[in-house]
Amino acid sequence: ATSLGAAEEQNNDWQSALASYKHALTLDPSYADAGYDLATLELHHDQYEAAASDYRVLIQQHPEDAAAHGGLAAALAQLQQDDAARAEFERALALDPSLPDTLVNYASLELAANNPEHAQELLTKGVATGAHDATTYQQLAFADQQTHHPEEAEAALRSAIVADPADPTS
């Protein structure tokens with residue numbers, strides 16, 4: 001059912017993909033891949049309450065799943081539950097300090113809250129621990145710019161280009 005869900009997702013049939021992931025979970029409620037795929041699909045389609053609920057179930061079953069904590073944090077941030085989101089981002093990064101999506105989402109929350117220094121600190125630490133994707137470097141460049149460090153911003157943008165030369169936003 002998860003393979004079918006993934007195929008449906010690739011065909012932009014997200015409603016059918018949701019149904020497939022839910023079906024997989026009725027067959028095996030502890031199947032982490034289906035739970036994660038379901039919650040992530042909900043998150044990406046602005047179903048934040050459902051995503052948060054499904055990430056919580058996944059975390060109950062797999063408390064050390066850093067990506068699930070990061071996904072829950074992203075959903076909570078979209079629901080404007082900033083303190084709870086920060087706590088989940090911290091849990092996720094304690095488990096895996098180099099998760100690119102978690103780093104970028106946490107930094108975005110901090111930038112929106114006018115905390116560019118914290119965003120810069122998070123992203124710099126993430127890069128130091130292995131997050132070398134273009135999006136992380138782009139976000140770091142933005143944080144560097146917000147903290148009035150144009151040389152570091154330029155270096156981060158150069159790193160974003162090296163990380164993904166095909167990305168037109170780099």
Side-chain angles (χ1 to χ4, degrees), residues 2-3 5-12 14 17 21 32-48 51-52 54-55 58-59 62 64-79 82 85-170:
T2 58
S3 296
E8 291 163 337
E9 222 178 312
Q10 280 189 322
N11 289 328
N12 294 316
W14 77 278
Y21 295 137
D33 288 346
Y36 185 79
D37 290 344
L38 172 64
T40 302
L41 185 62
E42 291 165 337
L43 179 65
H44 291 160
H45 285 88
D46 304 335
Q47 305 295 312
Y48 306 123
D54 289 331
Y55 280 123
L58 187 58
I59 289 167
H62 307 278
E64 302 299 311
D65 187 328
H69 284 283
L72 175 57
L76 293 170
Q78 291 297 324
L79 293 167
D82 294 353
R86 283 185 182 92
E88 286 299 323
F89 281 131
E90 290 293 334
R91 284 185 196 99
L93 293 175
L95 294 166
D96 183 348
S98 65
L99 283 173
D101 289 345
T102 299
L103 288 164
V104 169
N105 289 333
Y106 194 3
S108 295
L109 177 66
E110 292 303 291
L111 288 166
N114 202 24
N115 295 322
E117 293 84 6
H118 190 225
Q120 183 184 39
E121 176 187 330
L122 290 166
L123 293 162
T124 300
K125 190 182 303 182
V127 166
T129 59
H132 298 287
D133 62 294
T135 305
T136 300
Y137 282 119
Q138 289 168 345
Q139 193 75 329
L140 178 57
F142 186 68
D144 287 337
Q145 186 178 32
Q146 294 294 308
T147 57
H148 309 289
H149 294 98
E151 297 83 20
E152 282 115 348
E154 183 178 341
L157 284 175
R158 290 183 190 282
S159 294
I161 292 168
V162 169
D164 189 357
D167 184 349
T169 63
S170 297

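Residue Ser159 holds its OG atom at 11.0 Å from CD of Glu154, rounded to the nearest 0.5 Å. Here Leu157 contributes atom CG and Gln145 contributes atom CD; the two are 8.0 Å apart, rounded to the nearest 0.5 Å. Atom CD of Glu64 and atom CG of Asp96 lie 12.0 Å apart (nearest 0.5 Å).
Here the closest non-hydrogen pair linking Tyr36 and Ala68 is CE1-N, 4.1 Å. Heavy-atom minimum distance, Ala163 versus Ala134: CB-N, 3.6 Å. Here the closest non-hydrogen pair linking Ala85 and Ala77 is CB-N, 3.6 Å. Minimum heavy-atom separation, Leu95 to Ala66: CB-CB, 3.6 Å. The shortest non-hydrogen separation linking Ala74 to Leu43 is CB-CD2, 3.9 Å. Considering all non-hydrogen atoms of both residues, Leu58 and Gly35 come closest at CD2-C, 4.2 Å.
Residues meeting the side chain to side chain contact (heavy atoms under 4.5 Å, CB included) test with Asp101, sequence neighbours left out: Asn105. Legend: residues meeting salt bridge (Lys or Arg N to Asp or Glu O under 4.0 Å) with Arg86, ordered by chain and number and at least two apart, are Asp83, Glu110. Taking the ring-ring contact (aromatic ring centres under 6.0 Å, His included) definition, one finds that Tyr106 meets it with Phe89, His118, sequence neighbours left out. In this structure Glu90 satisfies the salt bridge (Lys or Arg N to Asp or Glu O under 4.0 Å) test with no other residue, sequence neighbours excluded. With sequence neighbours left out, the side chain to side chain contact (heavy atoms under 4.5 Å, CB included) criterion links Leu140 to Gln120, Leu123, Thr124, Val127, Asp144, Ala156.
A donor-acceptor pair under 3.5 Å links the side-chain atoms of His45 to the main chain of Leu41, judged by distance alone. Checking side-chain atoms of Thr136 against main-chain N and O of His132 turns up no donor-acceptor pair under 3.5 Å. No side-chain donor-acceptor contact under 3.5 Å links Thr102 to the backbone of Ala92.
In this structure the side chain of Gln139 reaches within 4.5 angstrom of the side chain of Ser108, judged on heavy atoms.
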Derivation and outcome, side-chain contact (heavy atoms from CB on, under 4.5 Å), residues Leu122 and Leu93: CA-CA 9 Å; Leu122 290 166; Leu93 293 175; 4.1 Å; yes
Going through the checks in order, is the side-chain contact (heavy atoms from CB on, under 4.5 Å) test met by Arg91 and Ile59? CA-CA 11 Å; Arg91 284 185 196 99; Ile59 289 167; over 6 Å; no
Starting from the C-alpha separation in whole Å, work towards a yes-or-no answer on side-chain contact (heavy atoms from CB on, under 4.5 Å) for Asp164 and Asp133. CA-CA 7 Å; Asp164 189 357; Asp133 62 294; over 6 Å; no
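Identified under the ring-ring contact (aromatic ring centres under 6.0 Å, His included) test for residues 142-161, with sequence neighbours left out: none.
His69 and Tyr55 share no donor-acceptor pair across their side chains, judged by distance under 3.5 Å alone.
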